[in-house]
Chemist: 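Here it is, the structure, as structure tokens.
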Amino acid sequence: MDLEKVHKMIEVCRKIDKKLHCFTTICEEEAISQAKDNPAGKLSGKFFSVKDCICVKGVESCAGSAILKGYRPPFDAFSVQRIKEEGGIIIGKTSQDEFGFGGFCVNTGVGFETPKNPIDDTRSCGGSSGGAACITKALPDELNHVALAESTGGSIACPAAFCGTIGLTPTYGLVSRWGLIDYGNSLDKIGPIAKNVPDAAQILSAIAKKDIRDSTSVGSDGDYASYLGKDIKGMKIGVISDNLGEGTDPAVAERIRKAVSYFDSTGAEYNEISLPSAVRYGLPAYYIIAMCESSTNLAKYCGMRYGANEKLDGNFNEYFTKVRSRFFGKEAKRRIILGTYARMAGYRDAYYIKAMKVRTKVIEEYKTALKKFDVLLSPSMPMVAPKIDEIKDLPPMRHYMADACTAPVNLAGLPHISIPCGNHNGMPVGMMLIGDHFCEGKLISLADKFERDHDGI
Amino acid sequence: MLDKDMIRKIAKNAKVELTEEETKEFLPQIEDVLEWFKAIENAPDMEMSMHPIKIRDAFRDDIVEQSMPKEYALQGTDHKKDGYFKGPRAV
């Protein structure tokens with residue numbers, strides 16, 4: 001790639017970052033070195049930002065946490081490796097809630113800045129892949145950028161909705177998690193946040209490959225771009241009525257209903273559907289599993305082998321406690337306590353085991369609905385991006401409740417895409433299309449058709 | 001029963017020390033969340049799903065392969081000695 005283009009891209013990113021804090025690291029040196037010796041591939045000419053929790057060789061990768069400050073992985077995550085093999089250039093790591101613990105990107109780690117929404121910088125850019133959506137929206141089209149993001153319970157759909165971008169969360173297992181700094185191993189998915197559906201489809205084709213280093217990797221050799229430009233006549237859409245009533249901003253519900261009318265006018269068929277188990281149990285079951293898995297995953301950070309460390313004083317209990325207490329942020333500590341409690345003898349069956357049984361029920365309910373419909377449709381988030389000042393001091397429960405539309409879908413590992421479908425108070429509204437496992441193609445066909453007919457939304 | 005002592009005990013097990021202020025702040029928040037978690041009590045009992053999709057066992061031959069060079073593994077820490085990680089004392 002022309003080095004001038006790389007310099008220009010870095011300069012623009014620095015300028016945006018100064019105002020919006022969307023990067024944790026901008027890696028100019030690595031980008032230039034990559035551009036000098038870049039293989040020709042399907043992603044040649046494209047720039048990529050990578051969420052901080054996805055490892056990039058030699059580039060500080062912290063998952064937004066002070067406890068990993070200084071960690072430069074000696075390897076690329078599988079998805080990053082695939083991007084490099086196809087000629088994409090990595091420009092930096094994007095801001096996120098610490099380890100992904102949040103939906104508004106206000107739970108950043110100790111010493112990290114809060115990223116802001118590029119449309120209105122007093123508002124949240126969503127989380128946890130907030131920096132990814134922020135830079136995707138803020139960069140001009142001609143700079144040809146796509147973000148590699150990650151979702152555990154809605155961390156791709158939420159920021160995509162708040163910033164007015166496309167967010168494609170693949171089926172659990174479609175993209176290898178090798179090299180991902182994990183949050184919840186049975187929930188984490190890597191996927192793109194992009195300016196348009198064709199970009200998202202192209203990136204998914206590049207990264208959705210089987211990887212023997214991740215035992216849950218299923219992969220695919222599918223060309224997701226082949227689902228673009230399809231006729232959607234006769235496709236059946238189930239509109240999740242539970243997500244359009246109480247708890248959802250009526251203005252958001254109204255934009256969603258307008259989008260449903262559009263699909264109706266194209267010859268796609270729709271019906272409303274209720275998913276009582278997903279609505280009633282999906283959100284708490286998701287949080288129990290996510291907290292149990294994350295509290296286990298965080299046990300390995302102890303200031304010894306990588307990341308932040310202290311002087312080796314005291315015995316191992318004292319040393320590890322000192323490092324962890326100093327470098328974990330509040331939400332990480334809260335989730336460690338909750339996750340540890342829910343796994344303790346005497347409580348494990350009631351919380352962790354029961355939540356995994358509930359997951360079976362929720363999957364079954366979605367699967368039954370997806371036998372009747374090609375896709376399900378819902379708002380991505382029940383509101384538009386809120387003001388940062390209004391949410392940063394809200395109790396954690398209020399934050400968790402905001403994931404009502406996305407968490408049950410993520411609990412079930414179903415693919416979903418968030419696409420902008422209008423505005424309210426100048427802020428974008430996100431519509432979420434949900435498909436059956438490994439049916440990303442249908443989502444791409446519908447989202448692409450909607451995007452082409454709603455240019456500029 | 002969750003109280004301040006229980007939170008301190010869990011924190012100690014998880015090797016995190018909470019300040020008095022954090023303990024005071026977390027207690028009602030954690031109580032709220034645990035109360036909310038009870039919503040799943042009435043859900044039907046089914047088989048557990050450890051993962052959202054069926055995972056096939058990924059067996060491979062037990063062959064020694066080249067692993068990460070030692071210097072790579074050690075490059076992320078100041079705490080090393082003679083080609084090994086150096087940790088805090090055990091007791």
Side-chain angles (χ1 to χ4, degrees), chain A residues 70-72 74 171-173 186 212 215-216 218 277 280-281 284-285 287-288 295 299 302 304-307 309 312-321 324-325 328 330 333-334 336-338 340-342 344 350-351 353-361 363 395-397 400 411-413 437, chain B residues 2 6-7 9-19 22-23 25-30 32-60 68-69 71-80 85-91:
Chain A
Y71 173 54
R72 288 183 167 73
T171 306
Y172 176 84
S186 76
I212 58 161
S215 64
T216 61
V218 176
S277 294
R280 199 174 307 151
Y281 310 125
Y287 266 100
I288 292 170
S295 62
C302 60
M304 208 179 93
R305 292 158 302 192
Y306 45 79
N309 61 56
L312 282 178
D313 277 341
N315 65 30
F316 75 98
N317 261 328
E318 291 159 348
Y319 177 74
F320 295 162
T321 303
R324 289 162 62 81
S325 307
F328 280 140
K330 257 190 191 175
K333 288 178 184 172
R334 207 160 18 228
I336 287 172
I337 303 293
L338 274 159
T340 307
Y341 182 84
M344 275 167 61
Y351 293 113
I353 301 296
K354 182 76 184 188
M356 285 194 290
K357 291 175 178 175
V358 170
R359 168 147 63 187
T360 308
K361 176 69 189 163
I363 292 171
M397 270 287 288
Y400 305 162
L411 177 71
H437 291 140
Chain B
L2 194 75
M6 177 65 117
I7 287 196
K9 186 184 157 194
I10 299 166
K12 194 180 171 192
N13 284 341
K15 300 196 178 6
V16 173
E17 191 174 28
L18 301 180
T19 61
E22 282 171 331
T23 310
E25 182 189 340
F26 287 1
L27 181 61
Q29 294 170 344
I30 289 173
D32 276 357
V33 176
L34 291 174
E35 188 57 34
W36 173 56
F37 282 173
K38 284 186 185 163
I40 67 167
E41 272 176 6
N42 300 323
D45 260 339
M46 304 183 82
E47 287 282 304
M48 285 192 294
S49 289
M50 302 283 285
H51 294 91
I53 56 165
K54 287 207 165 30
I55 304 292
R56 288 187 184 166
D57 287 330
F59 292 116
R60 55 179 178 256
M68 185 188 291
E71 60 270 25
Y72 278 27
L74 288 165
Q75 74 186 18
T77 184
D78 298 333
H79 300 317
K80 54 196 160 193
F85 291 111
K86 186 181 172 190
R89 59 186 166 79
V91 287

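None of these values were measured; they are calculated from a predicted model. Here is how names work: the chains are called A, B, and so on, in the same order as the sequence lines, proteins then strands, and each is numbered from 1. Atom set for the values below is all heavy atoms of this structure, side chains included, hydrogens, waters and symmetry mates excluded.
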Chemist: Let me know if B:Phe26 has heavy atoms under 4.5 Å from chain A in its side chain, its backbone, both or neither.
Modeler: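 When you check distances to chain A, only side chain atoms of B:Phe26 fall under 4.5 Å.
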
Chemist: So which part of B:Lys86 gets closer than 4.5 Å to some heavy atom of chain A, the side chain, the backbone, both or neither?
Modeler: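 For B:Lys86, backbone and side chain are both near chain A.
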
Chemist: Less than 4.5 Å apart, any side-chain heavy atom of A:Lys357 and any of B:Glu47?
Modeler: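 Contact flag for A:Lys357/B:Glu47 side chains = no.
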
Chemist: Do A:Tyr341 and B:Leu2 have side-chain heavy atoms sitting under 4.5 Å apart?
Modeler: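 They are in contact (side-chain heavy atoms under 4.5 Å apart), so the answer is yes.
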
Chemist: If you measure from CZ on A:Arg305 to OG1 on B:Thr77, what distance do you get to the nearest 0.5 Å?
Modeler: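 These two atoms lie 9.5 Å from each other.
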
Chemist: Is it true that a side-chain atom of A:Arg359 and a backbone atom of B:Met48 form a donor plus acceptor pair closer than 3.5 Å?
Modeler: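 It does not hold such a pair.
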
Chemist: Any side-chain heavy atom of A:Phe316 within less than 4.5 Å of one from B:Arg89?
Modeler: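 A:Phe316 does not reach B:Arg89 side chain to side chain.
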
Chemist: Heavy-atom pairs under 4.5 Å with chain B: which of A:Ser325, A:Gly413, A:Ala355 has the most?
Modeler: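 Ranked by contacts with chain B, first place is A:Ser325.
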
Chemist: Has A:Arg324 got a side-chain atom pairing as donor or acceptor with B:Lys15's backbone, closer than 3.5 angstrom?
Modeler: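 Side chain of A:Arg324 to backbone of B:Lys15: a pair is present.
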
Chemist: Hey, what do you get for CH2 (B:Trp36) to OH (A:Tyr400), rounding to the nearest 0.5 Å?
Modeler: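 Going from CH2 on B:Trp36 over to OH on A:Tyr400, the span is 8.5 Å.
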
Chemist: Please identify, among A:Asn309, A:Ile353, A:Val218, A:Thr216, the residue contributing the most non-hydrogen atom pairs under 4.5 Å to chain B.
Modeler: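 Counting heavy-atom pairs under 4.5 Å, the top option is A:Asn309.
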
Chemist: Ignoring hydrogens, what is the shortest heavy-atom contact between A:Met304 and B:His79? Give both atom names and the distance.
Modeler: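 Smallest interatomic distance, heavy atoms only, reads O-CB, 4.1 Å.
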
Chemist: Would you say the side chain of A:Tyr351 lies within less than 4.5 Å of the side chain of B:Leu34, judging by non-hydrogen atoms?
Modeler: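 Result yes, sub-4.5 Å side-chain heavy-atom pair found.
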
Chemist: Let's test your reading of the structure: which of B:Arg56, B:Lys12, B:Met6, B:Lys9 forms the most heavy-atom pairs below 4.5 Å with chain A?
Modeler: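 Greatest number of close heavy-atom pairs with chain A: B:Met6.
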
Chemist: Just wondering, do B:Pro88 and A:Leu312 contact through their side chains at under 4.5 Å, heavy atoms?
Modeler: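 In short, these two side chains touch, coming nearer than 4.5 Å.
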
Chemist: Answer yes or no: are there more than 12 heavy-atom neighbours, outside A:Lys330 itself, under 6.0 Å from its atom NZ?
Modeler: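 12 or below, so no.
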
Chemist: By a 4.5 Å heavy-atom criterion (distance strictly below it), what part of A:Arg72 contacts chain B: side chain, backbone, both, or neither?
Modeler: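 For A:Arg72, the backbone is the part near chain B, not the side chain.
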
Chemist: Quick one: which of B:Asp32, B:Asp45, B:Thr19 has the most heavy-atom pairs under 4.5 Å with chain A, could you say?
Modeler: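 Option with the top pair count is B:Asp45.
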
Chemist: Run A:Leu338 and B:Val33 through side-chain contact (heavy atoms from CB on, under 4.5 Å) and show every step you take.
Modeler: CA-CA 8 Å; A:Leu338 274 159; B:Val33 176; 3.9 Å; yes

Chemist: Considering all heavy atoms of both residues, which atom of B:Ser49 and which atom of A:Ile363 are nearest to each other, and what is their separation?
Modeler: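 Residues B:Ser49 and A:Ile363, closest heavy atoms: OG-CD1, 4.2 Å.
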
Chemist: Hey, could you give me the OG/CG distance between A:Ser295 and B:Asn13, rounded to the nearest 0.5 Å?
Modeler: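 Atom-to-atom, A:Ser295:OG and B:Asn13:CG are 11.5 Å apart.
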
Chemist: Which pair of heavy atoms, one from B:His51 and one from A:Ser186, lies closest together, and at what distance?
Modeler: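 Residues B:His51 and A:Ser186, closest heavy atoms: CD2-CB, 4.0 Å.
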
Chemist: Would you say CD of B:Glu17 has more than 12 non-hydrogen atoms from neighbouring residues, nucleotides or ligands within 6.0 angstrom?
Modeler: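 Open: at most 12 neighbouring heavy atoms sit under 6.0 Å from CD of B:Glu17.
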
Chemist: Any side-chain heavy atom of A:Lys354 sitting closer than 4.5 Å to one from B:Phe37?
Modeler: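 Not touching, per the 4.5 Å side-chain cut-off.
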
Chemist: Between B:Gln75 and chain A, with a heavy-atom cut-off of 4.5 Å, which part of the residue counts as in contact: side chain, backbone, both or neither?
Modeler: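 Contact with chain A is through the side chain of B:Gln75 alone.
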
Chemist: Which atoms form the tightest heavy-atom contact between B:Asn42 and A:Tyr281, and what is the distance?
Modeler: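 Smallest interatomic distance, heavy atoms only, reads O-OH, 3.7 Å.
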
Chemist: Decide yes or no for B:Leu18 and A:Ile337: does some side-chain heavy atom of the first lie under 4.5 Å from some side-chain heavy atom of the second?
Modeler: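 Of all side-chain heavy-atom pairs linking A:Ile337 with B:Leu18, at least one is under 4.5 Å.
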
Chemist: So, for A:Pro74 and B:Tyr72, which heavy atoms are closest and what is the spacing to 0.1 Å?
Modeler: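 The pair with the smallest heavy-atom distance is CB-CD2, 3.6 Å.
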
Chemist: Does any backbone or side-chain atom of B:Ile55 lie under 4.5 Å from a heavy atom of chain A? Answer side chain, backbone, both or neither.
Modeler: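 Side chain of B:Ile55 only, per the 4.5 Å heavy-atom cut-off to chain A.
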
Chemist: Any idea which of A:Ile212, A:Ile336, A:Ile288 has the most non-hydrogen atom pairs under 4.5 angstrom with chain B?
Modeler: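 Sorted descending by pairs with chain B, the first entry is A:Ile288.
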
Chemist: Measure distances from B:Val91 to the heavy atoms of chain A and classify the residue's part below 4.5 Å as side chain, backbone, both or neither.
Modeler: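 Only the backbone of B:Val91 comes within 4.5 Å of chain A.
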
Chemist: Compare every heavy atom of B:Ile40 with every heavy atom of A:Ala350, then report the nearest pair and how far apart it is.
Modeler: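 Taking every non-hydrogen atom into account, O-CD1, 4.0 Å.
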
Chemist: Below 4.5 Å, heavy atoms only, C-beta onward: do A:Met397 and B:Glu35 meet side chain to side chain?
Modeler: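 A:Met397 vs B:Glu35: side chains apart.
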
